[in-house]
Amino acid sequence: MSTTHTRDTVAAGPPPDGTRRPRPLNSAFSRTAPNRPLLGALGIAGLLALWELAPRLGAVPERYFPPVSEVLATLAERATTAPFWEAVGHTLYGWALGLGIALAAAILLGFALGAAPRLRAFTTSTVDFLRPIPSVALIPLAVLVYGTDIRSTLLLVVYACFWLIYIQVLYGVADVDPVAEQTARSYGLGRLARIRYVVWPTTLPYLMTGLRLAAAVGLILSITAQLIIGSPGIGDQITNAQQGGAVALVYAWIVATGILGVVINIGVRALERRVLRWHTSVRGEAAA
Amino acid sequence: MSRPTTVEPGTTGAAGTGSPPAGTAPARRTRRRPGAPGPGLRLLHVLALPALIVGVYWAVTAQPGAGFYTPTPAAIASAFADLWFSERFFVDVLPSLGRLLTGFAIAAVLGVGLGVLLGLDARVRATIEPVLEFLRAIPPPVLVPLMIMLAGIDDSMKIMVIVFGCVWPVLLNTVEGVRAVDPVLSDTARCYGVSGLTRLRVLVLRSAGPQIMAGLRLALALAIILMVISEMFASSSGLGFAIVQFQRTFAIPEMWAGMVLLGVIGFVLSSLFELVEGRVLGWYRGLRAANRGE
Amino acid sequence: MNHQNHQPNHQGERPAMLKVTGLQKIYNGGATAVEAVRDLTFELAEGELVCLVGPSGCGKTTLLKCIAGLMAPTGGTVELADRPVLAPPPGMAVVFQEYGRSLFAWMSVRDNVELPLKEKKLPKARRTELVTESLEAVGLTGFADSYPWQLSGGMQQRVAIARAIAYEPQVLLMDEPFAAVDAQTRADLEDLVREIWQRLGVTVLFVTHDIDEAVYLGERVLVLSNSPTVVQDDITVDLPVERDQLTTRQDERFTDLRARVYAQIQRAKRGTDQPVA
């Protein structure tokens with residue numbers, strides 16, 4: 001059966017391959033998708049060009065803004081030396097250990113208190129008070145008690161990261177669907193099995209959000225501790241470079257921490273995607 | 001409404017681009033359950049643990065020969081009163097708060113402004129995104145030494161550090177929020193001739209409100225940290241400077257009084273923020289509650 | 001076998017308000033181009049209430065977006081009161097299916113209705129008058145200060161309708177507005193649409209996938225074919241003007257018309273097998 005009725009339309013019909021572009025009404029449909037990798041590369045190239053040319057052409061004082069080539073050369077040269085990697089190692093060690101301790105403590109406490117609402121009610125006021133206290137307030141105490149020992153760094157990192165993850169775990173545990181919980185009960189799942197199959201999967205996305213935030217904040221505090229307290233690590237190196245007036249080296253370290261931050265972000269997101277493969281927010285993202 | 005793709009005010013939310021924040025739940029709504037405890041029990045809930053902690057700490061520190069670094073609460077309290085209920089409050093604390101709020105405000109305006117521009121234009125966004133990813137990955141404290149070289153140790157250095165550290169969460173969250181404006185709502189606005197600045201004001205900014213507020217909340221926490229660090233690292237005044245001075249001169253009760261004040265500032269700013277957020281996002285909480293009830 | 005071309009029926013008496021001519025929409029999805037709408041031509045006379053039905057996925061929403069000026073057609077034209085539609089025209093109001101998403105959740109019901117009027121730069125007194133009248137017309141007088149999410153789904157859709165009629169459009173487009181509300185609310189809302197249409201004399205294009213609804217509401221029903229879409233049939237609904245959920249639906253003429261639309265839609269669905277030219 002044919003439903004066609006051929007007659008010349010006003011627009012006289014488009015070419016058969018349908019390549020005619022629609023009028024550029026500002027509609028989501030008429031917008032062509034930009035070539036993201038190309039544009040992104042363009043953006044980076046633009047930044048590098050600006051950073052190179054501005055000091056060279058005298059738009060900014062070269063003494064304080066060395067051109068990017070000089071900074072990268074300094075970074076490349078340092079990256080072949082052992083102290084560079086030692087500093088990076090110290091920073092990462094404090095970060096990873098602190099994050100790990102915070103994660104373990106937050107999961108344990110979060111699940112324990114999340115499962116005992118009566119007990120949790122007693123902790124809410126304390127948590128609400130302690131949580132917004134900036135972890136850097138602990139710096140003087142850490143210096144007095146631990147000196148430049150790694151435990152100073154750990155104290156700051158753990159304090160900052162713990163709350164971020166803990167709060168998320170509590171949200172997650174509170175978010176368990178009562179229907180799912182009752183279903184699990186009606187099928188005779190025990191307490192541990194319910195935690196394993198109902199509570200844990202519900203909490204996981206929240207936990208990963210907390211971990212993602214804590215990973216970034218943990219790096220900040222790990223470096224802060226070295227900057228202020230002088231524990232060995234990247235922060236300490238930057239202080240030295242600054243006091244020695246090595247401008248390009250300060251920039252080189254900043255670039256290095258940026259790269260470190262990017263690597264950590266990418267790593268945590270990859271982990272998040274892997275852990276939450278089954279989750280809609282991740283599936284949707286992958287499809288987009 | 002699927003939970004995992006929404007941002008709850010009260011959490012730090014979508015600090016990253018690309019991945020929508022896995023769901024987060026209401027911070028202060030948990031107490032609103034059926035069979036809520038009466039006022040007496042509620043008071044007990046609020047006070048019991050803090051009283052216990054302070055009591056135990058007091059009992060331990062009051063022992064003769066208790067640690068030199070841990071003065072009794074009474075000693076801390078009296079140092080607190082002597083220090084901060086005096087002109088030092090105006091000399092050390094108010095300027096610090098001023099810098100903190102100035103930096104935060106500049107970062108907020110910059111972040112939201114640039115975020116809207118980037119959120120509305122896919123091409124510009126694709127161009128700038130990798131650069132932003134890099135810039136925001138730089139831990140802001142490493143800029144303190146740099147800023148000292150560039151701007152000395154005056155106010156502008158500290159404000160610049162705060163701005164640079166705080167702008168990213170605001171910027172990136174705004175971009176996410178602006179991108180996520182509901183297409184149906186966007187079409188509705190177009191049908192009814194809502195465009196230009198009105199569109200920005202009543203549609204884009206409001207609809208991105210939850211994400212923007214989440215970004216601002218994270219930025220506020222960062223701003224406090226950066227204020228303290230910039231003053232601790234190199235300064236001749238300010239709260240951070242004062243605390244470090246106390247520590248170096250072993251003025252232990254005063255040092256604790258400074259730490260407590262920092263905690264109080266963090267708590268007060270966070271509570272104020274929550275108040276503002278409650279006003280700005282009242283609709284959002286209601287909407288979420290309504291969706292949950294379904 | 002084609003009924004769609006300008007039958008000289010009653011619309012000749014009244015001037016055409018909405019004119020769709022040779023409308024075509026092709027989506028360019030990378031390598032493959034999908035022709036969603038092939039060649040649509042129809043007219044709505046001033047003050048007419050026309051329903052558009054078609055099998056699911058036949059491009060009803062695409063068509064509506066083109067008419068509303070939200071999307072540029074690949075070919076063909078849309079004219080509102082003899083002026084081509086290139087962007088959302090001021091004389092058109094749209095009620096979407098997704099009531100929950102088409103209302104501003106951060107505004108009260110009153111502000112939702114008033115916002116378009118502000119954009120029209122109407123004076124305050126006139127705005128207040130229009131808001132009050134339109135909320136009264138949809139039976140939401142006491143809810144002006146509520147937020148949309150505090151209302152039930154049916155009430156939210158009433159807010160969207162109130163906003164549309166307060167806008168005083170020449171043409172009211174409704175995109176499956178009642179597809180997401182429960183059956184009883186739906187019947188109420190259908191009667192509301194008839195009532196408003198009769199009272200205001202506005203031209204209404206009502207898109208639906210529900211055959212009963214189309215026949216019950218419309219003066220005329222346009223049946224769309226499967227994608228790529230053309231107008232497959234144009235049926236005049238010669239039911240009395242006063243309609244009633246109970247008696248009208250039992251009317252023999254109603255069942256006849258329904259059967260005819262149903263048959264056309266079945267035919268349209270089978271059209272899938274046809275090779276795409």
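Chain identifiers are assigned alphabetically (A, B, ...) following the order of the sequence lines, protein sequences preceding nucleic acid strands; residue numbering begins at 1 within each chain. The structure displayed is predicted, hence computed values, not measured ones.
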Region of Leu227(A) that comes under 4.5 Å of a non-hydrogen atom in chain B: both

Contact leader toward chain B among Thr257(A), Ile228(A), Leu144(A), where contacts are heavy-atom pairs under 4.5 Å: Leu144(A)

query: Of the backbone (N, CA, C, O) and the side chain (C-beta and beyond), which part of Leu44(B) lies under 4.5 Å from a heavy atom of chain A, both, or neither?
result: both

- prompt: So do the side chains of Ile133(A) and Phe267(B) get within less than 4.5 Å of each other, counting heavy atoms only?
  reply: no

- request: List the atom of Gly263(B), the atom of Pro134(A), and the distance in Å for their closest heavy-atom pair.
  value: CA-CD, 4.5 Å

Segment of Ala48(B) engaging chain A (4.5 angstrom heavy-atom cut-off): side chain

- prompt: Can you say whether Leu38(A) sits under 4.5 Å from chain B via the side chain, the backbone, both, or neither, judging by heavy atoms?
  reply: neither

Over all atoms of both residues, closest heavy-atom pair of Pro140(A) and Met232(B): CD-CE, 4.0 Å

- request: With a 4.5 Å cut-off on heavy-atom pairs, point out which of Ala137(A), Ala41(A), Gly261(A), Ala160(A) contacts chain B the most.
  value: Ala137(A)

message: Using 30° and 60° as the class boundaries, would you call the ring planes of His45(B) and Phe122(A) parallel, tilted or perpendicular?
response: perpendicular

query: Given that the side chain runs from C-beta out, which part of Ile252(B) has a heavy atom under 4.5 Å from chain A: side chain, backbone, both or neither?
result: side chain

Region of Phe246(B) that comes under 4.5 Å of a non-hydrogen atom in chain A: neither

When Leu47(A), Ile254(A), Ile259(A), Val250(A) are compared by non-hydrogen pairs under 4.5 Å with chain B, the top option: Ile254(A)

field: Choice from Leu146(B), Ile225(B), Val228(B), Ile224(B) maximising heavy atom contacts with chain A below 4.5 Å
entry: Leu146(B)

message: For a quick test of reading the model, state the closest non-hydrogen atom pair linking Gly258(A) to Ile138(B) and the distance between them.
response: CA-CG1, 3.6 Å

task: Select, from Ile139(A), Leu141(A), Ile44(A), Val255(A), the one with the greatest count of heavy-atom pairs under 4.5 Å involving chain B.
output: Leu141(A)

- prompt: Which bit of Leu52(B) is near chain A, if near means a heavy-atom gap under 4.5 Å: side chain, backbone, both or neither?
  reply: neither

query: Does Leu222(B) reach the side chain of Ile220(A), with side-chain heavy atoms less than 4.5 Å apart?
result: yes

Atom pair CZ (Phe233(B)) and OG1 (Thr224(A)), whose distance is rounded to the nearest 0.5 Å: 11.0 Å

query: Between Tyr64(A) and Met149(B), what is the shortest heavy-atom contact and its length?
result: CE2-O, 3.3 Å

- prompt: Val142(B) versus chain A, heavy atoms under 4.5 Å apart: side chain, backbone, both or neither?
  reply: both

field: Ile234(A) portion near chain B, given a 4.5 angstrom heavy-atom threshold
entry: neither

message: Quick check on Met259(B) against chain A: is it the side chain, the backbone, both or neither that has a heavy atom closer than 4.5 Å?
response: both

- line: Under 4.5 Å to a heavy atom of chain A? For Ile128(B) that would be neither

message: So for Ala121(A), is it side chain, backbone, both, or neither that comes closer than 4.5 Å to the heavy atoms of chain B?
response: both

statement: So, the part of Val262(A) with a heavy atom under 4.5 Å from chain B: the answer is both

message: Tell me which of these, Leu42(A), Ile264(A), Leu260(A), Ile238(A), has more heavy-atom pairs under 4.5 Å with chain B than the rest.
response: Ile238(A)

